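Down below is the structure, laid out as structure tokens.
Bear in mind that the values here come from a model prediction, so they are computed numbers and not experimental data.
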Amino acid sequence: MHDLVVIGAGPAGGNAALSAAQAGLDVLVIDEASQPGGQVWRAPSLGVTLAADPDLTRGQAMRMALGNAKIPIKTGFSVWSVAPISDGFEIALASEGGPEMVKARRLLVATGAQERVVPFPGWTLPGVFGLAAATLMLKTENMLPGKRIVIAGQGPLLLAVAAKALKLGKVPIAVVDYNGLGAWLRSVAGFARHLPSFGQGLTWQAKLALGRVPIRRRSEITQAFADNNGLLAEIEIAPLGRGRKQRLRVDTAFIGNGLVPGDEILRLLGVKRVPDPMTGWRIAADAHGRCGPSGLYVAGDAGRIRGALPAAAQGRRVGQVIARDAGITTSFDAVDEAPEFERFADASCRLMQVDDARISTLPDEVILCRCEDVTVGMVRQAIAEGAQDANQLKHFTRLGMGPCQARMCGANAAALLRSHAKVQPGAEYLTPRSPIRPVDITHMAGQFDYADIPVPKPAPL
């Protein structure tokens with residue numbers, strides 16, 4: 001039984017663990033990755049040397065602080081179920097070493113964000129990757145696959161991946177930006193609230209201009225085409241509204257349309273979502289991260305999409321709040337930087353907005369749930385036949401029954417339900433169930449020898 005278990009060792013979870021441990025709590029941190037840092041402050045793979053940048057520097061500083069504080073961290077562990085118990089929470093884990101169960105009087109969920117992709121015909125072809133996958137490869141291996149690449153979608157991550165690809169010597173055939181120049185200019189006032197990040201964004205823009213990378217603004221990929229081997233060979237780009245479509249020969253595409261909270265554990269514990277004008281929804285929590293059952297907290301993008309720096313600041317504050325709730329007097333000496341980033345985060349999220357009308361007009365043949373090959377047309381048919389919520393869609397079509405458990409298709413399916421059915425608020429999302437992550441059966445069995453299996457004596461005749 002630990003005073004506090006933190007699920008997620010990114011900017012929010014890592015900093016919360018440091019604050020709580022400094023106050024005197026017994027803290028355990030659990031994370032799927034091999035090292036703390038999360039997606040944004042991710043550590044490079046062993047033997048890979050990366051040029052210094054702010055994210056790498058911040059991640060190294062946090063990893064060093066966690067090590068110096070001697071906070072136990074279970075890396076490489078998947079949390080597949082969490083349940084409330086009389087004196088706290090019971091967390092089920094799995095790893096190569098087998099299953100484990102840990103208990104906590106208090107639980108902090110800091111599981112970050114998940115990528116959202118607006119699908120199009122051909123988006124499941126080999127050679128099409130998410131922008132999040134691109135950042136993972138850049139941060140861990142300092143590489144990107146492909147020779148003729150295109151980067152498409154919306155939001156600041158679009159420019160970040162394009163600029164880093166250029167640094168690797170991979171000049172994108174095009175950057176396809178759903179937003180127009182006007183949308184970016186309207187975001188300047190918000191971005192300027194945090195000058196270091198604003199300056200970094202301007203540097204990315206300048207590098208793309210100097211590299212003569214074509215930027216197709218107010219445009220989107222409308223279709224991807226395969227070669228004779230079934231691999232990505234061409235994409236079709238269309239401007240929003242009127243304009244001529246263009247086909248480009250490519251072998252790799254990186255696509256992404258913003259982020260949504262990774263909140264499965266919280267919803268499994270009964271925490272409600274509330275509407276959010278920027279990203280669709282956020283977790284219902286108070287200003288100090290308290291949510292749901294007593295002793296449950298959230299910090300970072302798992303609760304509301306704000307970005308890495310606000311998540312780190314919130315994590316430090318929530319860690320102190322947890323210590324106070326445990327009866328330890330703290331001075332709240334962590335600087336609450338969240339207000340400084342509020343307008344910056346809003347500006348970023350505004351560029352990542354996906355309205356329901358955009359999903360409702362997708363062609364019937366587009367695959368919505370790639371795990372189960374469920375198309376947009378199949379969802380529309382299910383709604384016409386009486387499916388009025390996400391769980392009924394699941395029964396009618398198998399949508400959300402694959403390995404990703406609707407993490408990729410859930411937001412888009414919800415948009416279709418809102419557009420085509422009289423769905424009750426909240427019913428457009430699947431009821432969360434364990435296991436919340438795919439679990440390797442060997443991780444559940446653990447390490448054993450058949451000689452270790454007790455064999456009962458034969459029953460008497």
Side-chain angles (χ1 to χ4, degrees), residues 115-131 133 150-154 174 176 178 216 218-258 260 354-390 392-421 423 428-430:
E115 186 171 44
R116 183 174 184 181
V117 174
V118 175
F120 51 83
W123 75 289
T124 59
L125 286 173
V128 180
F129 297 85
L131 287 178
V150 66
I151 299 168
Q154 57 195 105
V176 184
Y178 185 82
R216 305 284 192 265
R218 282 192 55 78
S219 300
E220 62 182 340
I221 297 178
T222 53
Q223 193 164 356
F225 303 91
D227 61 16
N228 293 333
N229 295 316
L231 306 177
L232 177 65
E234 284 187 312
I235 59 164
E236 180 183 80
I237 301 172
L240 304 182
R242 295 182 178 180
R244 185 175 62 87
K245 294 181 179 180
Q246 181 184 13
R247 285 177 68 148
L248 298 176
R249 185 171 59 85
V250 300
D251 59 23
T252 309
F254 299 100
I255 58 174
N257 299 92
V260 294
V354 177
D355 60 35
D356 289 354
R358 189 171 166 194
I359 306 300
S360 67
T361 57
L362 290 172
D364 280 347
E365 69 272 15
V366 171
I367 291 176
L368 191 69
C369 171
R370 63 187 305 166
C371 297
E372 297 292 331
D373 285 336
V374 178
T375 65
V376 171
M378 292 166 67
V379 170
R380 289 190 179 118
Q381 181 180 353
I383 293 172
E385 292 175 353
Q388 294 294 305
D389 60 42
Q392 288 179 332
L393 268 188
K394 181 179 182 179
H395 297 156
F396 281 43
T397 67
R398 293 186 58 84
L399 180 141
M401 294 185 71
C404 91
Q405 295 286 283
R407 279 183 286 275
M408 285 296 292
C409 65
N412 295 328
L416 283 174
L417 274 167
R418 287 190 294 265
S419 299
H420 298 295
V423 61
E428 69 268 46
Y429 299 105
L430 289 171

To check you understand the geometry: which heavy-atom pair defines the closest contact between [X] and [Y], and what is its length?
X      : Y      : result
Cys369 : Gly400 : SG-N, 3.7 Å
Ala415 : Arg116 : CB-NH2, 4.4 Å
Glu115 : Gly130 : OE1-CA, 3.4 Å
Ala174 : Val150 : O-CG2, 3.2 Å
Pro239 : Arg244 : CD-O, 3.5 Å
Arg358 : Asn257 : NH2-ND2, 3.1 Å

Flag, side chain of [X] to backbone of [Y], donor-acceptor distance under 3.5 Å:
X      : Y      : answer
Trp123 : Ile367 : yes
Arg407 : Cys404 : yes
Asn412 : Val117 : yes
Asp227 : Asn229 : yes

Matching residue for Val118 among Ile359, Val366, Ile221 - test: side chain to side chain contact (heavy atoms under 4.5 Å, CB included): Ile359
Phe254: ring pair (Phe, Tyr, Trp, His ring centres under 6.0 Å) partners, not counting sequence neighbours: Phe129
Between [atom1] on residue [X] and [atom2] on residue [Y], distance to nearest 0.5 Å:
X      : Y      : atom1 : atom2 : result
Asp356 : Ser419 : CG    : OG    : 4.5 Å
Ser360 : Leu417 : OG    : CG    : 12.0 Å
Leu131 : Ile255 : CG    : CD1   : 8.0 Å
Glu236 : Gln246 : CD    : CD    : 10.0 Å
Ile383 : Thr397 : CD1   : OG1   : 9.5 Å
Leu416 : Arg380 : CG    : CZ    : 6.0 Å

Test log, rule side chain to side chain contact (heavy atoms under 4.5 Å, CB included), inputs Glu372 and Leu399: CA-CA 6 Å; Glu372 297 292 331; Leu399 180 141; over 6 Å; no
Val354 and Gln154: CA distance, side-chain angles, deciding distance, side chain to side chain contact (heavy atoms under 4.5 Å, CB included) verdict: CA-CA 9 Å; Val354 177; Gln154 57 195 105; 3.9 Å; yes
Partner residues of Ala387 under the side chain to side chain contact (heavy atoms under 4.5 Å, CB included) criterion, sequence neighbours left out: Ala382, Gln392, Leu393, Phe396
Residues in side chain to side chain contact (heavy atoms under 4.5 Å, CB included) contact with Ala224, at least two apart in sequence or another chain: Phe120, Leu125, Leu232, Ile235
Please examine the side chains of [Y] and [X], heavy atoms only from C-beta on, and report whether any two atoms are closer than 4.5 Å.
X      : Y      : value
Leu368 : Pro119 : yes
Cys409 : Val374 : no
Thr375 : Asp364 : no

Pi-cation contact, Tyr178 with Arg218 (under 6.0 Å, within 45°): no
Carboxylate-amine/guanidinium proximity below 4.0 Å for Arg249 and Glu234: no
